[in-house]
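Here is the structure we will look at.
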Amino acid sequence: MDINYLYNEWLQNATGDPDLIAELESIKGNDDEILDRFYRSLEFGTAGLRGVIGAGTNRMNIYTVGRATQGLSDFLNKNYDNPSIAIGYDSRIKSEYFSKEAASILAANGIKVYIFEELEPTPCLSFAIRHFHTSSGIILTASHNPAKYNGYKCYNPQGYQMTDAEAAETYDFIQKVDYFTGIKRVDFDQAVADGIIQYVGQEVIDLFLDRVQTQCVNPEIVKNADLKVIYTPLNGTGNKPVRQILSRIGIEQVYVVPQQENPDGNFPTCPFPNPEIKQVFEIALEMNKTIGADILLATDPDCDRVGIAVPNKSGEPVLMTGNEVGAMLLNYLLSQRQEKGTLPESAIAVKSFVSTDLAEAIAKKYNCKFKNLLTGFKYIGELITDLESQGRADDFVMGFEESYGYLAGTHARDKDAVVASMLICEMAAYYKTKNMNLVDVMNSLYDDFGYYANVVESYTFEGAAGMEKMAGIMDKLRTNPPQKIAGMSVVAVADYKDSTTTYTDGRVEPIDLPKSNVIDFQLPDGNKVIVRPSGTEPKIKAYITAIGSDRDSANALAQQLIAAANEFMK
């Protein structure tokens, strides 16, 4: 397709949003800027759409959202009788605008819409899908990306993100839709008056919080521990539900970072609103000099991830990783439920396969079955749904991903920073009564199981050239895999794209997981380097596991493995 033809077509027709025309006028004659906006259409996959907000086929705007929604409407009308859908949105720029646009299109296609009356966390959307028994769900969010991004995630009736097959069929419908002439719409307010669009109010959020609260293991200890918490919702959706759930379980001393309390898609004090990054804690850490909190919490804009900082015994803040929090939570839940006699005989815990293997060692201690799944919380949601179909939903203890996503309970089928915030604070309160902070707890786990250094390195490849570079790197690693990494022999290569693990002795074993563009280089003693392109960002990630008898030896090995991964990316 002629890029300039597309540019002129949009300049003439994208009049539904004046911001788009102004942007297109501003880049007139700038071939590089035009190319970047039109060299492709935003790809619709199992993560839906995600991109920079702006004009063009490679941007998030009412036309790319509208086209995706019309395709989704066609998919739903083909596959369901009287389909319905739930819609949520976060604090990002134009999230509410896009959500109402989507609702208007779905209503025009005869699909009943339940839309939240205000911004809510992603797990609330997952809960609402199951509560209303809808055929699908949409959440307008770009999770923890910078302010210039927005996104559009689609869910299936089970409350987790679409499977590969569902997304592929939806994408086939989307590709048949013209951006400007192929989309049906009705007036949003009229559709509300007619009842085909229905607002979702606080009563559903209260039901969600009721279900979350059932996961509390030691409510009396929490009420008596006098825990102090500093919390930041990072200008996102967590402010109300996280504070409400902490209040419910008896945590009264919650101090919210005022600059990051209210919704603001510009994220003025946290340009990268990602709880994995130390910068988002800077204001909270400054506040803590006078408050002296036991724990600092940060949830990302759509409140499906949570990060923590914990002052150690000397008062120095320690930012704990997603792997560490996942391991601690699993150990806490298993130990406490075993002690109380509420741990099922067939208990099962789960993580993404790139997350720390320490969790598997902990589960083994408590005779808890453990599963490793592909990255993507939908696979954990799928496992919970399978357990539910067998009458075993209560066997699910928790699931987590190293990227700060956790879920306990079956109220949602996606990661949930509301339940995770509650349990993290409960865990901190429990150990406080034993004169331990969470740094002490983590160190005791390392003493028991060995030190696991888990590091994630990200490599960014922007634009069209970057996409080609990423594909070339993965092809090279497949066709010419390294025989040694950091001086250690590669004992096996697990290629999730062709679902095989090939060992150096010639054995080939199948991988019983869906195909995925991931390569796992397995090294002696459980060390490994996993290489995986992101499904939502122009990045390749290298997941490093280095295991040692102590922190220094494991970290030294991790640095060697990181250096080797850096060479892969050249």
Side-chain angles (χ1 to χ4, degrees), residues 45-48 50 121-123 126 139 141-145 151 153 155 159-161 163 274-277 297-308 319-333 348-360 362-363 370-385 396-410 412-421 423-424 452 454-458 496 513-514 516-518 520 528 530-537 539-545:
T46 55
R50 187 173 296 183
T122 289
S126 178
I139 186 85
T141 178
S143 188
H144 55 284
N145 286 102
K153 294 198 293 189
Y155 288 70
Y160 51 87
Q161 286 184 50
T163 64
N274 184 346
E276 300 179 47
I277 299 172
L297 294 176
T299 55
D300 69 343
D302 68 323
C303 197
D304 63 353
R305 304 169 194 251
V306 57
I308 67 171
L319 267 67
M320 309 202 77
T321 69
N323 279 315
E324 290 177 324
V325 173
M328 282 192 294
L329 273 177
L330 180 61
N331 183 73
Y332 174 72
L333 291 173
I348 183 168
V350 62
K351 68 176 179 68
S352 62
F353 72 113
V354 298
S355 302
T356 182
D357 293 331
L358 174 58
E360 196 162 356
I362 291 168
F370 202 89
K371 291 205 73 170
N372 286 287
L373 300 176
L374 291 179
T375 298
F377 227 86
K378 66 179 179 181
Y379 298 111
I380 297 176
E382 196 170 34
L383 178 139
I384 299 169
T385 303
F396 176 73
V397 177
M398 72 166 284
F400 78 95
E401 293 184 331
E402 52 75 36
S403 53
Y404 294 56
Y406 319 93
L407 176 65
T410 60
R413 297 291 190 271
D414 209 339
K415 49 191 175 288
D416 179 6
V418 181
V419 75
S421 295
L423 287 173
I424 289 167
Y452 287 67
N454 296 102
V455 183
V456 183
E457 292 290 304
S458 292
Y496 288 78
L513 289 173
S516 184
N517 188 15
V518 180
D520 178 359
K528 63 179 72 171
I530 299 175
V531 182
R532 170 184 169 265
S534 170
T536 56
E537 301 170 276
K539 293 179 179 179
I540 293 180
K541 294 184 177 181
Y543 300 84
I544 309 294
T545 298

- Query: What distance do Ser458 atom OG and Lys539 atom NZ have between them, rounded to the nearest 0.5 Å?
  - Reply: 5.0 Å
- Message: Any non-hydrogen side-chain atom of Leu407 less than 4.5 Å from a side-chain atom of Ile384?
- Response: yes
- Can you find a heavy atom in the side chain of Lys415 that is under 4.5 Å from one in the side chain of Phe400? no
- Val418 and Cys303, any side-chain heavy atoms less than 4.5 Å apart: yes
- Please find out if less than 6.0 Å separates the ring center of Phe353 from that of Tyr496. yes
- Where at least one partner belongs to residues 320-332, residue pairs that pass salt bridge (charged side-chain N to carboxylate O under 4.0 Å, His left out), sequence neighbours excluded: none
- Message: If we ignore hydrogens and angles and just use 3.5 Å, is the side chain of Arg532 paired with the main-chain N or O of Ile540 as donor and acceptor?
- Response: no
- Query: If we ignore angles and hydrogens, is there a donor and acceptor under 3.5 Å between the side chains of Arg305 and Thr299?
  - Reply: no
- Matching residue for Pro514 among Leu373, Leu374, Thr163 - test: side-chain contact (heavy atoms from CB on, under 4.5 Å): Leu374
- Query: Among all residues two or more places apart in sequence or in another chain, which pass the side chain to side chain donor-acceptor pair (under 3.5 Å) test with Thr375?
  - Reply: none
- Residues Tyr155 and Asp414: side-chain donor-acceptor under 3.5 angstrom: yes
- Under 3.5 Å, is there a donor-acceptor pair between the side chain of Glu401 and the main chain of Phe377? yes
- Message: Please check: side-chain N/O of Glu276 versus main-chain N/O of Thr321, any donor-acceptor pairing under 3.5 Å?
- Response: no
- Task: Mark yes or no for whether Tyr406, through its side chain, and Ser421, through its backbone, hold a donor-acceptor pair below 3.5 Å.
- Result: no
- Flag the pair Lys528 and Asp357 as a salt bridge only when some basic side-chain nitrogen lies within less than 4.0 angstrom of an acidic carboxylate oxygen. yes
- Glu402 vs Val456 side-chain heavy atoms within contact, under 4.5 Å: yes
- Would you call Val397 and Ile348 a side-chain contact if the rule is heavy atoms closer than 4.5 Å? no
- Message: Using only atom types and a distance under 3.5 Å, with no angle test, would you say the side chain of Asp302 pairs donor to acceptor with the backbone of Thr122?
- Response: no
- Validation row: Leu358, Asn323 side chains within 4.5 angstrom (heavy atoms): no
- Just by distance, with hydrogens left out, do Ser143 and Asp300 show a side-chain donor and acceptor under 3.5 Å apart? yes
- Message: Let me confirm one number: the OG1-CG distance from Thr545 to Asn454, rounded to the nearest 0.5 Å.
- Response: 4.5 Å
- Item | Atom pair OG (Ser355) and OH (Tyr452), whose distance is rounded to the nearest 0.5 Å | 13.5 Å
